[in-house]
Number of protein chains: 6
Amino acid sequence: MIVRIDKLQIEMPMPQEPAPEAANAVQELLGGRFGEMSTLMNYTFQSFNFRGRKKVKPYYDLIANIATEEYGHVELVAATINGMLTGAPNDDSKDGEMDPTTLPLASVLGVGNPHHFGNNGASALVSNALGQPWQGDYVFNSGDLVLDLLHNFFLESGARMGKIRVYEMTDHPIARAMLGYLLVRGGVHQVAYAKALEELTGANVTKMLNIPNISNDKFPETRQYTEQGTHRTLYRFSPDDFKDIDKVWKGPHPEDGQEVFVQDGPPEGGQAADHPEEPSVYAPGYDPDELAEIAQHMMRGS
Amino acid sequence: MIVRIDKLQIEMPMPQEPAPEAANAVQELLGGRFGEMSTLMNYTFQSFNFRGRKKVKPYYDLIANIATEEYGHVELVAATINGMLTGAPNDDSKDGEMDPTTLPLASVLGVGNPHHFGNNGASALVSNALGQPWQGDYVFNSGDLVLDLLHNFFLESGARMGKIRVYEMTDHPIARAMLGYLLVRGGVHQVAYAKALEELTGANVTKMLNIPNISNDKFPETRQYTEQGTHRTLYRFSPDDFKDIDKVWKGPHPEDGQEVFVQDGPPEGGQAADHPEEPSVYAPGYDPDELAEIAQHMMRGS
Amino acid sequence: MIVRIDKLQIEMPMPQEPAPEAANAVQELLGGRFGEMSTLMNYTFQSFNFRGRKKVKPYYDLIANIATEEYGHVELVAATINGMLTGAPNDDSKDGEMDPTTLPLASVLGVGNPHHFGNNGASALVSNALGQPWQGDYVFNSGDLVLDLLHNFFLESGARMGKIRVYEMTDHPIARAMLGYLLVRGGVHQVAYAKALEELTGANVTKMLNIPNISNDKFPETRQYTEQGTHRTLYRFSPDDFKDIDKVWKGPHPEDGQEVFVQDGPPEGGQAADHPEEPSVYAPGYDPDELAEIAQHMMRGS
Amino acid sequence: MIVRIDKLQIEMPMPQEPAPEAANAVQELLGGRFGEMSTLMNYTFQSFNFRGRKKVKPYYDLIANIATEEYGHVELVAATINGMLTGAPNDDSKDGEMDPTTLPLASVLGVGNPHHFGNNGASALVSNALGQPWQGDYVFNSGDLVLDLLHNFFLESGARMGKIRVYEMTDHPIARAMLGYLLVRGGVHQVAYAKALEELTGANVTKMLNIPNISNDKFPETRQYTEQGTHRTLYRFSPDDFKDIDKVWKGPHPEDGQEVFVQDGPPEGGQAADHPEEPSVYAPGYDPDELAEIAQHMMRGS
Amino acid sequence: MIVRIDKLQIEMPMPQEPAPEAANAVQELLGGRFGEMSTLMNYTFQSFNFRGRKKVKPYYDLIANIATEEYGHVELVAATINGMLTGAPNDDSKDGEMDPTTLPLASVLGVGNPHHFGNNGASALVSNALGQPWQGDYVFNSGDLVLDLLHNFFLESGARMGKIRVYEMTDHPIARAMLGYLLVRGGVHQVAYAKALEELTGANVTKMLNIPNISNDKFPETRQYTEQGTHRTLYRFSPDDFKDIDKVWKGPHPEDGQEVFVQDGPPEGGQAADHPEEPSVYAPGYDPDELAEIAQHMMRGS
Amino acid sequence: MIVRIDKLQIEMPMPQEPAPEAANAVQELLGGRFGEMSTLMNYTFQSFNFRGRKKVKPYYDLIANIATEEYGHVELVAATINGMLTGAPNDDSKDGEMDPTTLPLASVLGVGNPHHFGNNGASALVSNALGQPWQGDYVFNSGDLVLDLLHNFFLESGARMGKIRVYEMTDHPIARAMLGYLLVRGGVHQVAYAKALEELTGANVTKMLNIPNISNDKFPETRQYTEQGTHRTLYRFSPDDFKDIDKVWKGPHPEDGQEVFVQDGPPEGGQAADHPEEPSVYAPGYDPDELAEIAQHMMRGS
């Protein structure tokens with residue numbers, strides 16, 4: 001089971017220039033075959049389904065622990081999309097009350113994913129950049145540890161490509177902040193699975209990196225993290241468990257040769273997202289003041 | 001973000017009678033439209049995407065907190081399926097080494113979901129009882145709070161029906177243990193969303209319960225939980241957040257009239273699942289002793 | 001728009017021997033690519049979307065009129081499936097109240113489509129024999145009349161094959177009654193589209209029949225209809241419209257050479273289905289007597 | 001079974017300004033999860049599959065009757081899409097004969113749904129605004145009457161949101177005419193299911209309305225219908241059946257407190273759609289004059 | 001089994017004006033229901049699955065032989081798409097090394113299929129113009145020869161419509177070169193299946209042609225092929241097999257009345273596609289010179 | 001383009017014991033995510049889409065050449081399924097003419113995939129063991145050569161697991177003959193991609209093999225091929241092209257250390273499949289003698 005800390009893994013800028021078309025491109029990183037839902041769910045189910053976990057505990061711990069981090073990556077990508085959608089409608093509401101005859105959603109007709117505004121409340125979907133839903137059969141879990149790790153190494157490599165491609169499409173500041181962090185963290189997972197395969201098979205898998213063969217150095221937003229050693233850190237996302245991840249996550253980082261290390265507990269993190277109301281899609285309601293009044297009434301316990 | 005506690009929400013029996021056909025029926029509760037992946041992902045994305053959350057914080061807190069509990073429900077259903085699949089192959093392996101010519105998987109040909117053994121390692125899939133993958137478009141998130149809560153109330157009602165139907169199909173002890181607990185916990189969520197709607201709309205939604213109109217009393221495995229008051233408890237699944245769930249979760253329980261209450265922190269929980277090796281599908285590997293040796297070598301740090 | 005006459009197109013036997021596996025086979029005729037949902041929806045949307053309909057009114061009338069008949073075919077296949085599912089659960093209910101601990105659905109575990117009982121109330125799904133949902137892209141509607149008619153002729157030919165294959169799988173009396181009628185009516189539509197193509201292109205398309213090359217004579221249940229001339233009758237399913245179908249539906253029937261003809265109005269039809277309650281899936285409710293009392297109360301208007 | 005009256009439920013304006021992008025947005029109301037195909041098929045199959053219908057006849061009648069009305073809603077939305085697509089191609093045809101080298105479809109490249117022109121004949125698809133086909137598993141039919149009615153109430157609420165969102169996207173006169181009528185009729189169904197739940201459960205469900213919390217008053221195109229009492233009228237769409245719908249559809253309307261009532265027979269309705277030929281997609285044929293000549297020949301019976 | 005000749009079926013122009021939106025329209029001809037993957041796979045599986053093939057060898061030979069040609073059609077359409085995508089990114093790479101901060105993919109954001117650049121390397125997808133994947137259930141194979149041939153005749157007719165519609169959308173020279181050839185070759189297959197049906201059923205199916213009723217004469221790019229008699233040629237795509245195709249492919253061509261004939265062996269063909277590197281998507285790699293060096297090293301065998 | 005040689009890659013036994021349930025298990029190897037359609041289509045499209053192919057010709061040649069071999073693997077798996085389905089119906093036909101009232105398909109009701117007999121003519125489907133169609137988005141083609149090769153290495157590893165699992169399910173002689181050959185050939189492709197990655201990255205990828213860690217020695221049916229050196233042979237499937245595959249396929253085989261080598265041309269192969277008629281599904285027709293007569297008539301050219 002899990003407990004939730006209502007913070008994002010980093011402090012995210014939430015400026016207000018809408019970018020609904022680019023937000024749709026970012027959806028690939030959430031619900032695409034190589035998006036964060038896929039990394040979250042692959043590792044989560046591999047950990048739930050792990051057989052003989054005590055015999056090979058460092059590997060179980062590694063997969064379960066990375067799974068836990070991925071939850072926060074999905075959260076970060078969702079926050080990015082929401083931030084990029086904010087303000088995209090033509091908001092002509094007076095006193096928070098939207099008038100449908102003013103065509104508040106005409107500004108997004110034919111732009112990006114029509115479900116962002118037609119079905120959702122200007123918010124992230126569990127789908128890819130084509131609007132196709134994430135699917136449970138994106139999860140691979142053969143039970144054979146080497147094969148599952150090979151899959152995970154491939155999945156992280158595909159995911160890294162996806163992030164780079166989105167980086168090439170948009171310089172929206174929210175997207176770039178997210179990408180800077182996730183390129184580094186995805187890199188950690190890619191190296192971790194490479195190291196796991198090395199131990200198990202004797203093949204020097206880390207020598208294949210980078211895949212794709214572009215260093216994180218090429219992406220300026222990664223630098224603050226590299227300087228802090230974030231690319232060498234594996235956080236242990238559990239109060240008492242997964243303590244044997246350091247049996248795999250050890251030795252030199254393949255790119256800079258410095259020692260990698262485990263840090264107990266999640267990263268410090270940044271503030272939780274606080275997405276503003278969006279009257280055009282009556283989120284959280286058509287009459288938000290009335291809602292707020294009800295809520296205040298409840299808070300006073302009366 | 002989350003941290004993970006490597007325990008199941010209850011102590012689960014893990015007896016060894018295989019039941020692969022019934023395990024397939026249980027898949028509906030994991031990956032069906034009304035399964036636990038759906039409750040987890042609906043509430044998780046509703047919380048990620050929530051607009052104006054500070055204005056109506058008790059509702060945000062409620063949805064985010066229930067989302068967090070659902071993770072453990074997915075985990076519990078996966079453990080159930082894995083337990084019911086254990087031992088289903090004809091295991092003729094000698095010294096842990098499987099001989100494919102002995103047809104170890106012939107025993108499951110035409111039984112249940114062929115991917116349980118043909119693709120996975122005798123383990124849970126992210127799909128329903130027909131083998132159809134869970135899909136991201138099972139997530140509903142209009143942004144309109146009342147409509148989303150109405151959806152959640154309906155989703156919990158459909159989920160309750162699904163659990164009852166599986167109960168009627170199998171009395172496998174692992175399945176029944178899981179169902180006893182989840183009928184109670186799902187009931188809590190159903191009541192919670194009903195109460196949330198009552199506060200917001202003034203309609204006495206709890207009067208519609210039970211849906212379906214069968215009391216948990218009819219399911220003997222629920223009784224220990226009802227006696228402990230589990231049906232009236234909302235756990236707060238966060239160290240420091242979601243503190244305003246008690247603004248919604250208060251007042252009498254609609255079935256027994258006793259006061260409902262919030263308990264800080266997750267339930268005590270039971271041991272993590274420890275699924276045995278399954279040589280027929282070489283999980284975790286064809287030569288588990290060699291794997292174990294590698295792992296021990298790693299544990300010694302040498 | 002339509003009005004509904006609450007009768008089936010024929011008098012259907014509703015004996016009570018359950019046959020859930022065969023009922024699943026019949027699903028192909030409801031929700032398969034060549035099932036009745038496909039004929040209904042292809043012709044319905046072709047009629048809604050028809051351009052220049054006044055110029056070629058006999059063809060518009062033909063397609064729209066056949067579309068209308070197909071609704072009753074879907075209804076008939078659904079009634080068949082429901083009839084074959086009736087009684088499949090182990091009904092140990094006392095006074096109509098089901099006890100879940102008696103495992104009423106264990107009798108259908110691993111038999112047929114698990115959603116018949118796990119999700120639906122022992123009733124027809126909008127899916128095929130594999131449980132895959134009917135899909136809107138089964139509808140073909142190019143706008144080109146000759147191409148659309150060619151499609152329809154092919155669709156009816158595929159549909160006829162489907163019915164014959166199901167006939168070969170089961171002799172359940174409900175299924176056979178439905179098949180006897182629909183083989184004849186589907187044959188009418190196949191001939192009608194062949195005649196339409198003949199008029200438009202000059203090719204003697206009816207000469208291709210039968211497709212598949214098996215006469216309805218081989219199916220004893222068709223005989224009563226052939227003797228009544230049902231295979232030569234096109235019903236006009238409208239009070240005031242579609243009057244030009246007789247411009248296409250005329251001339252000899254390709255199999256017996258007798259003249260075909262139009263009959264105004266729908267067939268006499270038989271009683272509406274009246275499927276019994278099924279306590280195991282609490283259809284229509286867990287406490288049917290209470291429901292009935294509410295309903296009687298309403299009927300008395302008090 | 002049904003008979004068809006070849007009229008739309010209202011008199012529809014069919015002006016000729018093309019709006020293919022907005023037409024694609026309207027597709028959500030036809031083939032989306034909350035579109036008219038979903039309301040049609042949910043209620044139709046619930047009526048086909050209803051068990052114990054005589055015991056609770058008012059509810060059976062209500063669901064079957066609303067199902068029948070929905071057919072005309074699908075028809076109306078299809079006519080809307082077809083009207084908005086009319087004229088979108090660059091029609092340079094001379095004497096009705098299209099010259100493909102003039103690129104008649106270049107004007108719609110990258111606009112809206114490419115299948116509207118690439119596969120269909122400038123006409124409606126059975127899919128949503130993303131081009132995803134309507135699916136049979138959008139139908140919910142548990143057999144449990146209360147749960148099915150709760151679903152229907154939720155479905156109508158989601159459908160109402162969808163219509164409002166499309167309203168906010170376009171002020172095309174055809175779309176607005178359709179929306180004005182369907183917001184009113186959808187509202188009738190939402191209230192009807194709320195009243196049905198009230199009778200069965202005793203909970204005052206109508207108090208939850210409006211969902212979303214926006215009155216139809218905000219949409220000027222609804223006013224003529226409200227003034228005529230259309231929002232309080234339930235048409236009985238059958239010559240002889242469904243006579244007990246007045247046992248549910250009675251009492252005050254929740255918004256204006258006036259009495260609701262049943263009207264026997266369908267609405268008066270307006271002319272059937274008469275979509276013009278579209279030479280660019282050779283609908284109904286590449287040489288429409290030749291087609292017309294064949295048809296006239298047939299009409300003369302020669 | 002097959003052997004591959006690394007040539008396209010015609011000499012293709014590969015000019016460099018990018019046209020990513022039109023390339024997406026061309027995808028329908030590759031992965032749509034009526035695209036070349038469908039013709040390839042329908043005929044291929046019909047040939048693999050053919051029962052009693054010796055008894056009716058000319059038909060087996062015909063289907064298997066046309067199947068073989070279709071492979072080259074898929075290849076041609078893929079080459080077309082790749083050619084139209086070439087150069088669409090903003091290539092600011094220096095010395096072949098791409099700098100992601102220059103936003104090389106911003107130029108394709110919101111244009112065409114986002115997977116062309118976000119997932120693939122500026123290259124063809126196995127999907128249709130909506131980005132929906134080609135699916136194995138597009139294959140129809142009843143086993144009944146007449147029905148399968150009728151399907152194939154219909155499939156070719158739908159495919160011809162699809163090509164014409166794309167022709168109407170774009171005059172990109174690569175697309176037009178491909179369409180000119182494939183309209184002619186698709187026409188051959190349409191006539192071949194018509195002739196096969198004529199022999200088997202006695203109906204004069206060729207009289208239905210053209211479907212759609214537009215002559216290839218209307219498409220200037222077809223003329224060179226018609227003048228060479230390509231529309232009357234069936235190539236025998238096998239060194240030693242399928243020799244009885246001339247039992248079906250004989251007699252007059254329905255459009256010009258000239259004799260059709262079989263030519264042994266594949267067409268002469270044109271050069272294989274040689275798509276240039278695309279640094280923005282690091283195809284074939286981020287550092288192509290390093291790759292080339294490795295390859296040269298290998299070529300020297302050192 | 002390709003030419004087809006109407007032979008299977010090996011001589012296949014075609015005994016007549018039906019095994020429809022096991023045939024369904026074999027479908028996973030045809031249309032599953034890791035089946036032969038996936039290997040065929042991944043490598044085929046990677047070769048069609050390859051950018052800069054001349055610069056890194058050995059890799060282009062390798063992928064294109066393996067793609068060509070895979071066609072014959074699909075063919076072999078289809079022949080296997082067809083062989084295992086032969087005779088499964090209750091054939092009571094007299095003189096080849098089937099009587100539907102004898103229920104010839106009752107013997108397969110509820111066994112395996114209902115579409116094998118209900119839709120197809122006792123023949124292979126383009127779908128997996130769950131009846132889910134093969135999908136075009138199983139194709140991965142990033143354009144980045146290292147990433148695509150890593151994918152291919154993973155795909156072959158997943159494919160090998162799939163074959164082993166089916167081996168464990170059935171000892172049907174047709175299935176075993178196919179598996180013996182394809183385990184060896186799949187192994188060749190796995191090693192080939194490993195060698196390709198080694199050259200490009202310097203990592204000793206072959207050291208990871210076997211994946212799964214089970215030697216082909218454990219499968220007796222592979223031995224004849226290993227003894228002949230088939231596991232070390234890469235056939236060059238082209239008359240004149242792909243000549244640089246020997247730049248990659250060279251050096252020792254990782255399992256036995258013997259030198260690998262290229263053989264020009266396809267393997268000798270065995271007879272084409274000759275599946276018997278199946279009257280129950282009227283394949284190739286309901287009256288096969290009439291069909292044969294027509295064919296003979298054609299053969300005589302009269």
Side-chain angles (χ1 to χ4, degrees), chain A residues 1-7 9 31 41 45 48-49 51-58 68 71-72 75 78 82 120-121 123-124 126-127 133-137 139 141-145 199-200 237-239 241 247 266 269 274-278 281-285 288 291-292 294-295 298-299, chain B residues 1-7 9 31 41 45 48-49 51-58 68 71-72 75 78 82 120-121 123-124 126-127 133-137 139 141-145 199-200 237-239 241 247 266 269 274-278 281-285 288 291-292 294-295 298-299:
Chain A
M1 53 188 168
I2 57 173
V3 292
R4 184 161 160 192
I5 298 163
D6 201 12
K7 298 172 78 174
Q9 289 185 353
M41 285 297 154
F45 276 90
F48 289 171
N49 292 344
R51 290 189 172 276
R53 59 182 73 172
K54 283 184 180 160
K55 235 177 196 170
V56 291
K57 184 166 180 294
T68 313
Y71 181 98
E75 191 178 23
N82 293 335
N120 266 32
S123 65
V126 190
S127 55
W134 185 86
Q135 303 209 52
D137 58 5
V139 170
N141 185 199
S142 71
D144 181 273
L145 180 56
E199 289 279 357
L200 278 172
F237 277 87
S238 179
D241 301 300
K247 305 304 182 297
D274 182 23
H275 302 299
E277 300 166 30
E278 184 53 70
V281 289
Y282 25 99
L291 287 179
I294 293 169
M298 291 164 72
M299 296 299 279
Chain B
M1 54 186 168
I2 56 172
V3 292
R4 184 162 160 192
I5 298 163
D6 202 11
K7 297 172 78 174
Q9 289 185 354
M41 285 298 154
F45 277 90
F48 288 172
N49 292 345
R51 290 189 171 277
R53 60 181 73 173
K54 284 184 179 161
K55 235 175 196 170
V56 290
K57 184 167 180 295
T68 313
Y71 181 97
E75 191 177 23
N82 293 335
N120 265 34
S123 65
V126 190
S127 54
W134 185 86
Q135 302 210 51
D137 57 5
V139 170
N141 184 198
S142 71
D144 181 273
L145 180 56
E199 288 279 357
L200 279 172
F237 278 87
S238 179
D241 301 300
K247 306 303 181 299
D274 182 24
H275 302 299
E277 300 167 30
E278 184 52 70
V281 290
Y282 24 100
L291 287 179
I294 293 169
M298 291 164 72
M299 296 300 279

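Throughout, protein chains are lettered first and strands after them, A, B, ... in sequence-line order, and every chain is numbered starting at 1. Since we're looking at a predicted model, the values are computed, not measured.
Only the side chain of B:I294 comes within contact range of chain A, judged by heavy atoms closer than 4.5 Å. Of the atoms belonging to B:V139, it is side-chain heavy atoms, and not backbone ones, that fall under 4.5 Å from chain A. Heavy-atom distances place no part of B:S127 under 4.5 Å from chain A, backbone and side chain included. With a 4.5 Å cut-off on non-hydrogen atoms, B:F45 touches chain A through its side chain but not through its backbone.
When the candidates A:G269, A:P239, A:G72 are compared by the number of heavy-atom contacts under 4.5 Å with chain B, A:P239 comes out ahead. Chain A forms the most heavy-atom pairs under 4.5 Å with one residue out of B:L145, B:T68, B:V56, and that residue is B:T68. With respect to chain B, the highest number of heavy-atom pairs below 4.5 Å among A:D144, A:L291, A:I2, A:V126 belongs to A:I2. The candidate with the highest count of non-hydrogen atom pairs below 4.5 Å against chain A, out of B:G31, B:A124, B:P266, is B:A124. Of the listed residues B:P284, B:S123, B:G52, B:A295, the one with more heavy-atom pairs under 4.5 angstrom with chain A than any other is B:P284.
With hydrogens and angles disregarded, no donor-acceptor distance shorter than 3.5 Å links the side chain of B:S238 to the backbone of A:V3. Looking only at distances, a side-chain donor or acceptor of A:R51 sits under 3.5 Å from a matching main-chain atom of B:P276. Between the A:D241 side chain and the B:D6 main chain, a donor and an acceptor come within less than 3.5 Å of each other.
Partners of B:F237 by ring pair (Phe, Tyr, Trp, His ring centres under 6.0 Å), not counting sequence neighbours: none found.
Using the six-membered ring where Trp is involved, A:W134 and B:W134 have ring planes that are tilted, between 30° and 60° apart.
Remark: B:M1 CE to A:R4 CZ distance equals 11.5 Å, nearest 0.5 Å. Of the inter-residue distances, the one linking A:H275 atom NE2 with B:R53 atom CZ reads 5.5 Å to the nearest 0.5 angstrom.
Shortest non-hydrogen contact noted between B:N49 and A:N82 is OD1-ND2, 2.9 Å. Across all their heavy atoms, B:E277 and A:K55 have their closest contact at OE2-NZ, 2.7 Å.
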Show your reasoning for whether side-chain contact (heavy atoms from CB on, under 4.5 Å) applies to B:M41 and A:M41. CA-CA 11 Å; B:M41 285 298 154; A:M41 285 297 154; 2.9 Å; yes
